[in-house]
Amino acid sequence: MQQRLPRLTTSRPTGPAPPVPATRPLLTECLDLVTTPVVDDLVDGEPATLARLRAADKALREQREDRHRADALLELIATCVEDHGNW
């Protein structure tokens, strides 16, 4: 007697949707904001770096689409905002 193998399907696995286009540059900016040279600039109070942090925080808070990713990125920069975001 031959054993029957389970039927294979060609459906794609379900998973999270790809990020919306607005999220990709924000990811890049947030990762850059938590690197050593940029964090050093934040600690030194560099106005341009503080402006970048402020802009990233604002953009993430205002982003309507892809909220779960925007919230995750806000968490990534939260310590920097708490420590240096006295705007």
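All of these numbers come straight from a predicted model, not from anything done at the bench. When reading the values below, keep in mind they use all heavy atoms of this one structure, side chains included, and skip hydrogens, waters and symmetry mates.
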Rounded to the nearest 0.5 Å, what separates atom [atom1] in [X] from atom [atom2] in [Y]?
{"X": "C30", "Y": "L74", "atom1": "SG", "atom2": "CG", "value": "7.5 Å"}
{"X": "L42", "Y": "E46", "atom1": "CG", "atom2": "CD", "value": "9.5 Å"}
{"X": "L76", "Y": "L27", "atom1": "CG", "atom2": "CG", "value": "8.0 Å"}
{"X": "D57", "Y": "L33", "atom1": "CG", "atom2": "CG", "value": "10.0 Å"}

inquiry  = Under 4.0 Å between a side-chain nitrogen and a carboxylate oxygen: does that hold for R69 and D66?
reply    =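 Yes, this pair counts.
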Taking all atoms of both residues into account, what is the closest heavy-atom pair of [X] and [Y], and its distance?
{"X": "R61", "Y": "R67", "result": "O-NH1, 3.7 Å"}
{"X": "H84", "Y": "L53", "result": "CB-CD2, 4.4 Å"}
{"X": "A59", "Y": "L26", "result": "CB-CD2, 3.7 Å"}

query = Do side-chain atoms of T28 reach the backbone of R24 as a donor and acceptor pair under 3.5 angstrom?
reply =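 It does hold such a pair.
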inquiry  = Around atom CD of E75, are there more than 12 heavy atoms from other residues, nucleotides or ligands closer than 6.0 Å?
reply    =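 Counting other residues, nucleotides and ligands, CD of E75 stays at 12 neighbours or fewer.
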key: side-chain contact (heavy atoms from CB on, under 4.5 Å) assessment of Q63 paired with V20   = CA-CA 10 Å; Q63 183 169 322; V20 296; 3.8 Å; yes
message = With side-chain contact (heavy atoms from CB on, under 4.5 Å) as the criterion, how do L60 and I77 come out once you've worked through the C-alpha distance, each side chain's angles and the decisive distance to 0.1 Å?
response = CA-CA 10 Å; L60 288 167; I77 64 170; 4.1 Å; yes
task = State, with a plain yes or no, whether a side-chain heavy atom of L73 is found less than 4.5 Å away from one of L31.
result =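 No. Closest side-chain heavy atoms not under 4.5 Å.
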ask   = Do V38 and R52 pass the side-chain contact (heavy atoms from CB on, under 4.5 Å) test, and can you show the C-alpha distance, the side-chain angles, and the key distance before you say yes or no?
value = CA-CA 10 Å; V38 179; R52 286 177 58 193; 4.3 Å; yes
